[in-house]
Amino acid sequence: MAATTHTRAVHAFCVITMLGCGSGPRTSDDADLFDSPRVETEVRAMLEAYGDAMRHDGLLGEFPFLDTSDAFFWVPPGYAGPIGIDSVHAVLRRNAPGLRHIDPRWNELRIEPLGERHALYTGSLRLESISMKGDTSIIRLLETGLVVKRPDGWKLLGGQSALAP
């Protein structure tokens, strides 16, 4: 299983590297051949909808925004390496019942369109949660991710979150 996780991480790194390099034949996904402001607006709307879904449905509200392909990976805060979609789903399901409310809000958000179907984002967010016992917690996260446009909309393909210093 570790080899599979490593393979996914390497695959995702290669995808990001290939998208970011200027070598190779020009395609319709090149930066000068697409509507960068439109892609940025779409991705920003998706990330805002992601937060709205979490405020409404808790941690399980994340599911529709996560890509389910084998290329998906995420490095959650405190993890030494990436985990795949099945592990992310398990973590969310395990932790969801303990939360009465969760409220993520972007403090800063930068989106860098890479083409019609890919964009990078990075930012900081404030995450307030209230446990079922009524305890309130506020953490600040730094997050970087790659999103991909699928037939049913923009999805989180990979990235990482870390606790802000």
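Just so we're clear, the structure is a prediction, and the values are computed from it rather than from any experiment. Nothing fancy with the numbering, it's 1 onward along the sequence.
- Expressed to the nearest 0.5 Å, how far CG of Leu156 lies from CD of Glu62 amounts to 9.0 Å.
- Atoms CG and CD1, on Asp70 and Ile85 in that order, are 10.5 Å from each other to the nearest 0.5 Å.
- Under the rule for a side chain to side chain contact (heavy atoms under 4.5 Å, CB included), the partners of Leu109 that lie at least two apart in sequence or sit in another chain are Arg44, Leu47, Trp106, Ile111, Tyr121.
- Residue pairs meeting the ring pair (Phe, Tyr, Trp, His ring centres under 6.0 Å) criterion with at least one partner in residues 141-165, sequence neighbours excluded, are absent.
- Contact check on Arg110 versus Glu108 returns no salt bridge, with no Lys/Arg side-chain nitrogen under 4.0 Å from an Asp/Glu carboxylate oxygen.
- Under the 4.5 Å side-chain criterion, counting only non-hydrogen atoms from C-beta, Glu112 is not in contact with Glu40.
- In this structure, Pro64 has no side chain to side chain contact (heavy atoms under 4.5 Å, CB included) partners at least two apart in sequence or on a different chain.
- For Phe63, the ring pair (Phe, Tyr, Trp, His ring centres under 6.0 Å) partners two or more places apart in sequence, or in a different chain, are His89.
- Each ring pair (Phe, Tyr, Trp, His ring centres under 6.0 Å) pair with one or both residues in residues 36-58, not counting sequence neighbours, appears once here: Tyr50-Phe65.
- Under the 3.5 Å distance criterion, the side-chain polar atoms of Ser87 are left unmatched by any main-chain donor or acceptor of Ile83.
- The structure places CG of Asp67 at 5.0 Å from CG of Leu157, a figure rounded to the nearest 0.5 Å.
- Val43 and Leu142 end up in different hydrophobic clusters when Ile, Leu, Val, Met, Phe, Trp and Tyr side chains are linked at under 4.5 Å.
- Transitive grouping of hydrophobic side chains (ILVMFWY, heavy atoms separated by less than 4.5 Å) keeps Ile102 and Ile130 in distinct clusters.
- Here the CD atom belonging to Gln160 is positioned 6.0 Å from the OG1 atom belonging to Thr144, to the nearest 0.5 angstrom.
- The shortest heavy-atom contact between Gly61 and Ala53 is O-CB, 3.5 Å.
- Applying the side chain to side chain contact (heavy atoms under 4.5 Å, CB included) criterion to Pro97, with sequence neighbours excluded, gives no partner residue.
- When side chains are defined from C-beta on, Val88 counts as touching Phe72, because their heavy atoms get closer than 4.5 Å.
- With a 4.5 Å cut-off on side-chain heavy atoms, Met54 and Leu99 do not count as touching.
- Looking at residues two or more places apart in sequence or on another chain, you find a salt bridge (Lys or Arg N to Asp or Glu O under 4.0 Å) between Asp103 and Arg55, Arg105.
- Under the salt bridge (Lys or Arg N to Asp or Glu O under 4.0 Å) criterion, Asp152 pairs with Lys155, not counting sequence neighbours.
- Partners of Ile139 under the side chain to side chain contact (heavy atoms under 4.5 Å, CB included) rule, at least two apart in sequence or in another chain, are Leu127, Ser137, Leu141, Leu163.
- The closest side-chain heavy-atom distance from Pro82 to Trp74 is not below 4.5 Å.
- Partners of Arg38 according to the side-chain hydrogen bond (donor to acceptor under 3.5 Å, both in side chains) rule, which considers only residues two or more places apart in sequence or in another chain, are Glu42, Glu116.
- For residues 92-102, no pair satisfies side-chain hydrogen bond (donor to acceptor under 3.5 Å, both in side chains), with sequence neighbours left out.
- Partners of Arg140 by salt bridge (Lys or Arg N to Asp or Glu O under 4.0 Å), not counting sequence neighbours: none found.
- Residues Ala119 and Val39 approach most closely at CB-CG1, 4.4 Å, considering heavy atoms.
- Looking at heavy atoms from C-beta onward, Ser161 lies out of side-chain contact with Pro76 at the 4.5 angstrom threshold.
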Check against side chain to side chain contact (heavy atoms under 4.5 Å, CB included), Arg126 and Glu128: CA-CA 6 Å; Arg126 177 184 186 273; Glu128 180 178 346; 3.3 Å; yes
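- Between Leu59 and Ala96, the shortest heavy-atom distance links the atoms CD1-N, 3.7 Å.
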